[in-house]
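Taking it in order: structure first as structure tokens, then the write-up.
Atom set for the values below is all heavy atoms of this structure, side chains included, hydrogens, waters and symmetry mates excluded.
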Amino acid sequence: MTGLYIFIALIAIALLGWAVAELKNRCITFEHSEAEKEEAELLYNEQKEREFREQNLKDLLEHNSTKGYKAI
């Protein structure tokens, strides 16, 4: 019976922690500072000038250099 009480206590603690995290997420909002916004804009413009595009999974697999067992 003691094991059952411990299990129920762990579930209760987990639910309490989850509730605190949810409330914290709803009460506290995060916003970037003006300096961070300007820096992000500069990085975006620099990437745009160099025609940078983020690779998707298909692009990554096309340029994959691993050869499995043949690489050994």
Would one find more than 12 heavy atoms of other residues, nucleotides or ligands at under 6.0 Å from atom CD of Glu31?
-> no
State whether the side chain of Asn25 and the backbone N or O of Ala21 hold a donor-acceptor pair below 3.5 Å, judged by distance alone.
-> no
Taking side chain as C-beta onward, heavy atoms only, is Ile6 less than 4.5 Å from Thr2?
-> yes
Flag yes if Ile28 and Leu23 sit in one hydrophobic cluster, no otherwise; membership is Ile, Leu, Val, Met, Phe, Trp, Tyr, and two members link when side-chain heavy atoms are under 4.5 Å apart.
-> no
Does Arg50 come within less than 4.0 Å of Glu46, counting only side-chain N to carboxylate O?
-> yes
Interatomic distance, CD1@Ile11 vs CH2@Trp18, rounded to 0.5 Å, equals 12.5 Å
Is the closest side-chain heavy-atom distance between Glu54 and Asp59 below 4.5 Å?
-> no
To the nearest 0.5 Å, what is the distance between CG (Leu57) and CD (Glu62)?
-> 10.0 Å
From Leu61 atom CG to Asn56 atom CG, the distance as rounded to the nearest 0.5 Å = 9.0 Å
Glu41 CD: over 12 foreign heavy atoms closer than 6.0 Å = no
Is the backbone N or O of Tyr44 less than 3.5 Å from a side-chain atom of Gln47, with the two atoms forming a donor-acceptor pair by type?
-> no
Verify the neighbour count for atom CZ of Phe7: are there more than 12 heavy atoms of other residues, nucleotides or ligands below 6.0 Å?
-> no
Closest approach of Lys37 to His32 (non-hydrogen atoms, all atoms of both residues) = CE-O, 3.5 Å
